[in-house]
Amino acid sequence: MALADLDLSGSTAFITGTTRGIGKQIALALADRGCNVVSTGKTTDGDDSELAGSIEQTAREVRERGPEALALELDLRDEDRVEEVVEESIEQFGEVDIVINNASAIQLANIADLPADRFDLLTDVNVRGTHLVAHAFADHLADQDEAWLLSNSPPIVTDRSPGKAPYAWSKLGMSFVTLSLAEELASDDVGCNTFWPVTTIDTRATRYFGLGTEDDWRTPEVVSDAVLEILARDPAECTGNSFYDEDLLREAGVTDFSAYNVTEGDPAPMSARLFAPEFEREV
């Protein structure tokens, strides 16, 4: 598929939420191109959890591909811990030149049905967590010759989202922080962009919350390939953008997306329409 010749040897990526799903797939895709990875998240080998995956497991799979990996437990709601893991990552690798805000909390609900503690969770993990990571890394990224900060969040195309307003607020907030940082670091050759899938992606959260059926889903590889397409560009020129995965891959020459589909169905743009109900593919 796209970008088979992208060489990230010598780079190090700090990625939030790498235990499974999109975050893990991004970590492995970057490792396949030679990138070292800092694997972060809340699920560790020592947890008594029935959930598959851990930050250490992802790190092991990165090392099996050749690059180095560091697994660091991280709750994005803990400001002090964010600062600690950022410092430890820089100390371990010397330089971190790719930062990806992937971890996210999700709950789709009407305002009347969502209690304050769930609103706080969405806000603290998504928009506040993105801010904490960006804040902790901003000066370091600015000191690199070329660097990236990417967030898994949608284009800002609406001022309301009935039925899911708290979740939408937190995801759009991630984009607002990222795109604002693009302006703040415009003179430092740091590419700050967002990426978002057009279709729903097959993840644990997708299945848990019943967001469609397998006919509606694509695999996480469609997102990781899109991220690689961003990283193949010049961060000094490619900044301040909100990308859809399909658009990035079409520009890279992909015309047949069936390899990404979970079934032989033709997934509708459910993810894009979460925030842009009138969204239509440009084909």
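Computed over heavy atoms, backbone and side chain alike; hydrogens, waters and symmetry mates excluded. Note that the structure is predicted; figures quoted are calculated from it, not measured.
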| note | Of all heavy-atom pairs linking L6 and R33, the shortest is O-CG, 2.9 Å
Taking distance alone, no hydrogens or angles, what donor-acceptor pairs closer than 3.5 Å link side-chain atoms of residues 169-181 to residues at least two apart or in another chain?
residue: W169; atom: NE1; partner: T123; partner atom: OG1; Å: 3.1
residue: S170; atom: OG; partner: N126; partner atom: ND2; Å: 2.8
residue: S170; atom: OG; partner: Y167; partner atom: O; Å: 2.7
residue: K171; atom: NZ; partner: S104; partner atom: OG; Å: 3.2
residue: K171; atom: NZ; partner: N152; partner atom: O; Å: 2.7
residue: S175; atom: OG; partner: S153; partner atom: OG; Å: 2.8
residue: S175; atom: OG; partner: P154; partner atom: O; Å: 2.5
residue: T178; atom: OG1; partner: S151; partner atom: OG; Å: 2.7
residue: T178; atom: OG1; partner: M174; partner atom: O; Å: 2.8
residue: S180; atom: OG; partner: F176; partner atom: O; Å: 2.7

| remark: Here the pair of heavy atoms bringing T40 nearest to I55 is C-CG2, 3.4 Å
| said: Under the criterion side chain to side chain contact (heavy atoms under 4.5 Å, CB included), I'd like the reasoning laid out for T18 against N102: C-alpha separation, chi angles, the key distance, then a yes or no. | reply: CA-CA 8 Å; T18 59; N102 168 73; over 6 Å; no
| remark: CG (D202) and OH (Y260) are apart, to the nearest 0.5 Å, by 15.5 Å
| Tell me the ring pair (Phe, Tyr, Trp, His ring centres under 6.0 Å) pairs involving residues 63-94, sequence neighbours left out? | none
| message | Let me confirm one number: the CD-CG distance from E229 to L249, rounded to the nearest 0.5 Å. | response | 7.0 Å
| said: Within the supplied structure, the quantity of interest is the number of heavy atoms (other residues, nucleotides, ligands) at a distance under 6.0 Å from D117 CG; does it exceed 12? | reply: yes
| message | Tell me if the NZ atom of K42 is crowded by more than 12 foreign heavy atoms within 6.0 Å. | response | no
| query | Which residue pairs pass the ring pair (Phe, Tyr, Trp, His ring centres under 6.0 Å) test when at least one of the two sits in residues 136-162, sequence neighbours left out? | reply | F14-F137
| task | Can you measure from CZ (R128) to CG (D120) and round to the nearest 0.5 angstrom? | result | 10.5 Å
| said: Please find the pair of heavy atoms, one from I15 and one from G23, that lie closest to each other, and give the distance. | reply: CG2-O, 4.2 Å
| said: Which residues pass the side chain to side chain donor-acceptor pair (under 3.5 Å) test with D124, not counting sequence neighbours? | reply: none
| said: Quick check on side chain to side chain contact (heavy atoms under 4.5 Å, CB included): which of Y244, F279, F195 does P155 satisfy it with? | reply: Y244
| message | Is there a path of hydrophobic side-chain contacts, each under 4.5 Å between heavy atoms, that joins W196 and V99? | response | no
| request: Look at atom CD of E251 and say whether more than 12 heavy atoms of other residues, nucleotides or ligands are closer to it than 6.0 Å. | output: yes
| task | Supply the atom-to-atom distance Q144 CD to D97 CG, rounded to the nearest 0.5 angstrom. | result | 6.5 Å
| message | Tell me if a side-chain donor or acceptor on D256 pairs with a main-chain N or O of S258 at a distance below 3.5 Å. | response | yes
| For P67, side chain to side chain contact (heavy atoms under 4.5 Å, CB included) partners two or more places apart | A31, N36, V62, R65
Listed pairs under 3.5 Å, donor-acceptor, residues 236-243 side chains, sequence neighbours left out:
residue: T239; atom: OG1; partner: V190; partner atom: O; Å: 3.3
residue: T239; atom: OG1; partner: C192; partner atom: N; Å: 2.9
residue: N241; atom: ND2; partner: N193; partner atom: OD1; Å: 3.0
residue: N241; atom: ND2; partner: T239; partner atom: O; Å: 3.4
residue: S242; atom: OG; partner: T194; partner atom: OG1; Å: 2.9

| Does a donor on one side chain and an acceptor on the other come within less than 3.5 Å for Q57 and E61? | yes
| message | If the condition is side chain to side chain donor-acceptor pair (under 3.5 Å), which residues does E184 pass it with, not counting sequence neighbours? | response | none
| said: Set out, in order, the CA-CA distance, both residues' side-chain angles and the distance that settles side chain to side chain contact (heavy atoms under 4.5 Å, CB included) for E246 and T199, then state yes or no. | reply: CA-CA 9 Å; E246 286 187 10; T199 70; 4.0 Å; yes
| query | Residues two or more places apart in sequence or in another chain: which of them pass side chain to side chain donor-acceptor pair (under 3.5 Å) with R77? | reply | D75
| said: Would the distance check show the side chain of T58 and the main-chain N or O of S39 forming a donor-acceptor pair, the cut-off being under 3.5 Å? | reply: no
| message | My understanding is that only residues two or more places apart in sequence, or in another chain, count here; which of them pass side chain to side chain donor-acceptor pair (under 3.5 Å) with D113? | response | none
| said: Applying side chain to side chain contact (heavy atoms under 4.5 Å, CB included), can you list everything that pairs with E84, at least two apart in sequence or on another chain? | reply: R81
| What about F257 and V223, same hydrophobic cluster or not, with Ile/Leu/Val/Met/Phe/Trp/Tyr joined at side-chain heavy-atom distances under 4.5 Å? | yes
| task | Please list, chain by chain and in numerical order, all residues satisfying salt bridge (charged side-chain N to carboxylate O under 4.0 Å, His left out) with E214, sequence neighbours excluded. | result | R207
| Working for side chain to side chain contact (heavy atoms under 4.5 Å, CB included), residues D234 and E146 | CA-CA 8 Å; D234 180 353; E146 294 183 346; 4.1 Å; yes
| With sequence neighbours left out, what residues match R273 under salt bridge (charged side-chain N to carboxylate O under 4.0 Å, His left out)? | E280
